[in-house]
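Read through the structure below, which is laid out as structure tokens, and then see the notes.
Letters A, B, ... are given to chains in the order of the sequence lines, protein chains preceding strands, and every chain is numbered from 1. Computed from heavy atoms alone, side chains included, the values below leave out hydrogens, waters and symmetry copies.
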There are 2 protein chains.
Amino acid sequence: MDKKAVLALIGRIHSKANEYITQELEKRGIRGLVVSHGEILVNLYRYQRLSMKELAGKIDKRKNTLTVLVEKLIEFDYVEKTPSPEDGRFFYITLTEKGRLFQKDFEEISTNVYSLIYTGFSEADQEKLMELLEKMYKNL
Amino acid sequence: MDKKAVLALIGRIHSKANEYITQELEKRGIRGLVVSHGEILVNLYRYQRLSMKELAGKIDKRKNTLTVLVEKLIEFDYVEKTPSPEDGRFFYITLTEKGRLFQKDFEEISTNVYSLIYTGFSEADQEKLMELLEKMYKNL
DNA sequence: TTATATTAGTTCTATATAGAACTATTAGAT
DNA sequence: ATCTAATAGTTCTATATAGAACTAATATAA
């Protein structure tokens with residue numbers, strides 16, 4: 001195979017994986033959300049409370065994109081946004097009860113997608129792949 | 001590093017690489033085009049004449065997306081579209097003179113981006129990476 | 001031969017995403 | 001203390017992308 005196809009391949013994996021995850025979300029009745037919304041929620045499961053800027057950093061998207069993504073999560077009642085009392089520029093995003101309710105689903109989907117993509121991969125392969133991709137990312 | 005970060009990493013590489021390529025295009029005065037347009041042109045450099053459906057297959061995008069992408073390439077005079085005389089359902093996309101003129105630029109950009117991302121990679125690393133990514137893609 | 005199915009492509013609509021310009025708030029310099 | 005910088009976030013606009021429904025043309029089956 002042509003080694004010059006690696007970027008195309010990465011793009012295809014990216015979009016196929018997103019497609020798979022979106023389908024898994026729909027299977028569990030989570031409609032209208034895409035992977036980026038899921039990444040936001042997963043970060044909130046881990047950190048409980050994050051500002052817009054922190055979230056943007058975590059999921060590697062611009063802050064205006066975050067505004068749109070979080071608006072949707074608020075609309076669907078997964079998260080809420082409250083202004084910081086200490087610094088009027090900050091807004092804190094936290095999970096609602098409904099948001100917390102879906103934690104298990106998101107964890108299961110994550111487990112499923114990883115066991116799918118890593119089918120046939122040894123531990124060493126998984127580590128090697130991460131190592132090479134990290135090196136590639138740092139080159140960019 | 002968490003092996004469960006591989007999809008996020010792939011997404012980041014994908015978008016960083018696209019960003020880099022778009023910047024390289026702009027440096028050479030090619031404005032308004034993104035990587036997908038470049039992929040179309042590169043396929044036309046190789047195959048000269050392709051139908052919309054064939055192009056969609058080559059760049060792994062839906063046919064309605066192709067319609068939009070090709071419209072832009074026509075608008076900027078990189079390609080032209082002519083109906084097939086044999087089968088009225090097909091349209092053939094071919095390069096214009098201006099399109100051919102930029103072949104060298106696209107090839108240089110491709111060479112540059114690959115020498116960038118593969119910095120510090122041995123031949124064996126490059127092959128291993130392709131092998132692992134192909135396996136991952138087939139799993140999806 | 002004619003009816004049906006398939007195929008190539010477009011149109012319409014929705015949306016994630018980003019760039020640019022903007023507001024509002026806080027920090028820093030003098 | 002006041003002026004300027006920086007920072008957090010939003011709004012506006014543009015666009016790649018896809019799903020669904022559509023048109024037009026060809027292939028297939030009866």
Side-chain angles (χ1 to χ4, degrees), chain A residues 8 11-12 14-23 25-26 30-41 49-76 79-93, chain B residues 8 11-12 14-23 25-26 30-41 49-76 79-93:
Chain A
R12 280 159 182 66
H14 182 213
S15 77
K16 283 274 179 206
N18 281 11
E19 211 173 279
Y20 173 86
I21 292 168
T22 307
Q23 281 169 7
L25 289 170
E26 292 214 343
I30 304 169
R31 265 168 262 279
L33 299 195
V34 297
V35 174
S36 294
H37 299 111
E39 289 185 78
I40 291 174
L41 293 176
R49 194 188 76 168
L50 290 166
S51 70
M52 297 293 280
K53 182 193 165 72
E54 285 168 328
L55 273 173
K58 296 284 182 201
I59 75 165
D60 210 36
K61 295 281 177 319
R62 304 284 181 273
K63 48 191 183 163
N64 47 2
T65 301
L66 255 286
T67 300
V68 178
L69 292 171
V70 168
E71 264 170 10
K72 188 163 205 176
L73 287 171
I74 291 170
E75 182 196 337
F76 290 176
V79 305
E80 49 197 5
K81 181 159 78 168
T82 44
S84 161
E86 303 98 40
D87 189 331
R89 290 170 301 179
F90 283 83
F91 287 85
Y92 284 121
I93 313 303
Chain B
R12 281 160 182 66
H14 182 212
S15 78
K16 283 275 179 205
N18 281 10
E19 213 173 280
Y20 172 85
I21 292 168
T22 308
Q23 282 169 6
L25 289 170
E26 292 214 342
I30 303 171
R31 264 169 264 278
L33 299 194
V34 296
V35 174
S36 295
H37 299 111
E39 289 185 78
I40 291 174
L41 292 176
R49 194 189 75 169
L50 290 166
S51 70
M52 297 293 280
K53 182 193 164 72
E54 285 168 328
L55 273 172
K58 296 284 182 200
I59 75 165
D60 210 36
K61 294 281 177 320
R62 305 282 182 273
K63 49 193 183 162
N64 46 4
T65 301
L66 255 286
T67 300
V68 178
L69 292 171
V70 167
E71 264 169 12
K72 188 162 205 176
L73 287 171
I74 291 171
E75 182 196 337
F76 290 177
V79 305
E80 50 198 3
K81 181 160 77 168
T82 44
S84 162
E86 303 99 41
D87 189 329
R89 291 172 299 181
F90 283 84
F91 287 85
Y92 284 121
I93 313 303

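- Which of D:dT26, D:dG9, C:dG9 sits closest to the side chain of B:Lys81 comes down to C:dG9.
- Here the C1' atom of nucleotide D:dT17 and the CG atom of B:Leu33 are 16 Å apart, to the nearest Å.
- Out of C:dT17, D:dA16, C:dA8, the shortest distance to the side chain of A:Thr65 is found at C:dT17.
- Of the side-chain N and O atoms in B:Ser15, none sit less than 4.0 angstrom from OP1 or OP2 of C:dT17.
- Closest contact between the side chain of A:Leu69 and the listed nucleotides C:dT10, D:dA25, C:dT17 involves C:dT17.
- For C:dG19, its base sits under 3.5 Å from the side chain of A:Asn64 at one donor and acceptor pair at least.
- Residues satisfying the ring pair (Phe, Tyr, Trp, His ring centres under 6.0 Å) criterion with A:His14, sequence neighbours excluded, are B:His14.
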Verdict with reasoning, B:Ile59 to B:Thr65, per side-chain contact (heavy atoms from CB on, under 4.5 Å): CA-CA 11 Å; B:Ile59 75 165; B:Thr65 301; over 6 Å; no

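- Of the candidates D:dA25, C:dA18, D:dG19, C:dA18 carries the atom nearest the A:Lys61 side chain, counting heavy atoms from C-beta on.
- Between A:Pro85 and A:Val34, the residue anchored nearer the 5' end of DNA chain C, judged by the nucleotide with its closest heavy atom, is A:Val34.
- Relative to the side chain of A:Arg62, the nucleotides D:dA16, C:dG19, C:dT17 differ in distance, and C:dG19 lies closest.
- Listed by chain and number, the residues in a side-chain contact (heavy atoms from CB on, under 4.5 Å) with A:Lys81 are A:Met52, A:Ile74, A:Phe91, A:Ile93 (sequence neighbours excluded).
- To the nearest angstrom, P of C:dA16 lies 18 Å from CG of A:Asp60.
- Listed candidates were C:dG9, D:dA8, C:dA16. Nearest to the side chain of B:Ser51 is C:dG9.
- Note that CG of A:Leu41 is 11.0 Å distant from OG of A:Ser36, once rounded to the nearest 0.5 Å.
- Between the CZ atom of A:Arg89 and the C1' atom of C:dT26 there is a distance of 4 Å, rounded to whole Å.
- Positionally, the nearest nucleotide of DNA chain D for A:Asp87 lies more toward the 5' end than for the other of A:Asp87 and B:Glu86.
- Checking D:dA16, D:dG9, C:dT15 against the side-chain heavy atoms of B:Lys72 singles out D:dA16 as nearest.
- As the counterpart of D:dG9, C:dC22 is assigned, both hydrogen-bonding distances of the Watson-Crick or G-U wobble pattern falling under 3.5 Å.
- Annotated as syn: D:dA5, whose O4'-C1'-N torsion sits within 90° of 0.
- Atom-to-atom, NZ of B:Lys63 to P of D:dA18 comes out at 13 Å; the value is rounded to the nearest Å.
- When distances run from any side-chain atom of B:His37 to the nucleotides C:dA27, D:dA16, C:dG19, the shortest one goes to D:dA16.
- At a threshold of 4.5 Å between non-hydrogen side-chain atoms, the residues A:Lys72 and A:His37 count as touching.
- Residue contacts for B:Glu71: at a heavy-atom cut-off of 4.0 Å it reaches the sugar-phosphate backbone alone, with no base atom in range.
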